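Before any comments, here is the structure.
Here is how names work: the chains are called A, B, and so on, in the same order as the sequence lines, proteins then strands, and each is numbered from 1. Note that the coordinates shown come from a computational prediction; the quantities given were computed from them, not determined experimentally.
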2 protein chains.
Amino acid sequence: MTGRPYHHGNLRTALLAEAERTLRDQGIDHLSLRDLARQAGVSHAAPRRHFADRQALLDALAEAGFLRLGDEVRAAIDTAGDDYERQLRAAASAYVRFATQDAALLELMYVVKRGKHSPALDDAFGRLFAAFDDLLRQGQHAGERQLGDPGRVRLLLLAAIQGTAALVTSGSVDAAQADQLIADAVALCTHGLMPRAAGRSRP
Amino acid sequence: MTGRPYHHGNLRTALLAEAERTLRDQGIDHLSLRDLARQAGVSHAAPRRHFADRQALLDALAEAGFLRLGDEVRAAIDTAGDDYERQLRAAASAYVRFATQDAALLELMYVVKRGKHSPALDDAFGRLFAAFDDLLRQGQHAGERQLGDPGRVRLLLLAAIQGTAALVTSGSVDAAQADQLIADAVALCTHGLMPRAAGRSRP
DNA sequence: ACCTGAACACCGTTCAAGT
DNA sequence: ACCTGAACACCGTTCAAGT
């Protein structure tokens, strides 16, 4: 129907989408502006209108990544029902799933965050952090048992989640072990006991 | 005394040292073979004798990084005395310190490990992993209280350490909070209780 | 407002040749 | 055994010019 217009029409979006795919499939070393332009069917200088330089593209990728990850974490919490621990595990699993499927992107996200301080990026990261923090504060407000300073428990759980993601993407741990790690971390931070091994529960 | 020889003499070592410094000071984007050659005072093609391509240099950096980090962790344990928890905290602190001082290198190390499988690299990583694992197994053998499956506790502690490092390098947590995070994680994994806040202990 | 084409400096990689 | 110098393909970036 729509013969695609001479002016690409949505070059910025197309470049970002293609960049995310390249990042996932080939790694950041194969991410070149000229190549993206080629695949979008425009001249090598066209991206300049939308991204001042290569770094600007990476910044935009990082920002979009934090926003999407935040959304996925929130969605996981929303569909986890009312049980607090179950919600925590769902949130953590969503984070680890993202880390597994988009390892290179997640890495880029934190590299950019370390190097750059733009309001847009800080906001996107803040939304992700808040997805976890809101849940944890909510839990402590609803009278969940606390083992100590709530702020410290919160930080510890965040560390465990991010650490689990790191262990998975580095290949030191598989998906099943990651799920158990998450369950253990959540249980230890909420009631101070690790769950029994799967086969040993009794009626 | 020694006029430096025409043949550089130790080009490989010089390149690696300079690369590590550039990585620390300028980031991986500014790491170029030609630039390293320039700073070593050799032609741009000279590094080829020692590193087949840029990736080979990165691989060597990663391997050396894992070895050094393993050594630093072991050294920290050795100088921590006989108390098990103190040893654990010292090991974790050494890891986090490395992550703080050589964030770009640590990142590169895990990127390389994910992409490449050479015996040398696997061995270097194995030596780091073993530094922690030996300590943890030693602790459980010496009759330290266990809260559950020792393998799971071990993994959880590794996740907490790596997660703490991630929080520090991403700027979400400062050095003091990192120390407390480590102390909390170690305490929770060994006796299931978080240590009291600093000012509130009673005689 | 958005894109093209030529140009420049830089890089990784290769290879014949030098010592 | 180790290094040089020229060469090639590629990239990021810039800018005058086109629609």
note: B:H30, atom NE2; C:dC10, atom C1'; distance rounded to Å ~ 13 Å

Practice prompt. Evaluate side-chain contact (heavy atoms from CB on, under 4.5 Å) for A:R54 paired with A:L58, printing each intermediate quantity in order.
Written response: CA-CA 6 Å; A:R54 189 186 130 103; A:L58 299 184; 4.2 Å; yes

- Task: May I ask you to decide whether B:D35 forms a salt bridge with B:R38, counting only side-chain N to carboxylate O separations under 4.0 Å?
- Result: yes

Whole-Å distance, A:L31 CG to D:dC11 P, equals 11 Å

Minimal heavy-atom distance between A:A37 and A:H44, with the atoms involved, is CB-CA, 3.9 Å

note: B:D53, atom CG; C:dC11, atom P; distance rounded to Å ~ 17 Å

- Message: If you define the side chain from C-beta out and look only at heavy atoms, does anything of B:L135 sit under 4.5 Å from B:Q87?
- Response: yes

Under a 3.5 Å limit on both distances, the Watson-Crick or wobble mate of C:dG18 is D:dC2

Assess the residue pair A:V112 and A:F125 against the criterion (side-chain contact (heavy atoms from CB on, under 4.5 Å)); give the C-alpha distance rounded to whole Å, side-chain angles, the decisive distance to 0.1 Å, and a yes or no.
CA-CA 11 Å; A:V112 169; A:F125 176 77; over 6 Å; no

Heavy-atom nearest pair, B:R68 first then B:L105, reads NH2-CD2, 3.7 Å

task: Check whether the side chains of B:Q55 and B:D59 place a donor and an acceptor atom closer than 3.5 Å, and report yes or no.
output: yes

Numerically ordered, the residues 32-50 of chain B set in heavy-atom contact under 4.0 Å with DNA chain C is B:S32, B:L33, B:R34, B:R38, B:H44, B:A45, B:R48

Show me the side-chain donor-acceptor pairs of residues 156-170 of chain A shorter than 3.5 Å, one per line, residues at least two apart or across chains.
unit_1	atom_1	unit_2	atom_2	d
A:Q162	NE2	A:Y110	OH	3.4
A:T164	OG1	A:A160	O	2.7
A:T169	OG1	A:A165	O	3.2
A:T169	OG1	A:A166	O	3.2
A:S170	OG	A:A166	O	3.2
A:S170	OG	A:L167	O	3.3
A:S170	OG	A:S172	OG	3.0

When rounded to whole Å, the CZ to C1' distance for the pair B:R54 and C:dC10 reads 13 Å

When every non-hydrogen atom of B:P47 is compared with those of B:L11, the smallest separation belongs to N-CD2, 4.4 Å

note: B:Q55, atom CD; C:dC11, atom C1'; distance rounded to Å ~ 16 Å

Numerically ordered, the residues 15-28 of chain A set in heavy-atom contact under 4.0 Å with DNA chain C is none

Using Watson-Crick geometry (N1-N3 plus N6-O4 or O6-N4) or G-U wobble (N1-O2, O6-N3), each under 3.5 Å, D:dC8 is paired with C:dG12

Rounded to whole Å, CZ of A:F51 lies from C1' of C:dC3 at a distance of 15 Å

Whole-Å distance, A:L58 CG to D:dG12 P, equals 10 Å

Rounded to whole Å, the CZ-C1' distance (B:R12 to D:dC3) equals 17 Å

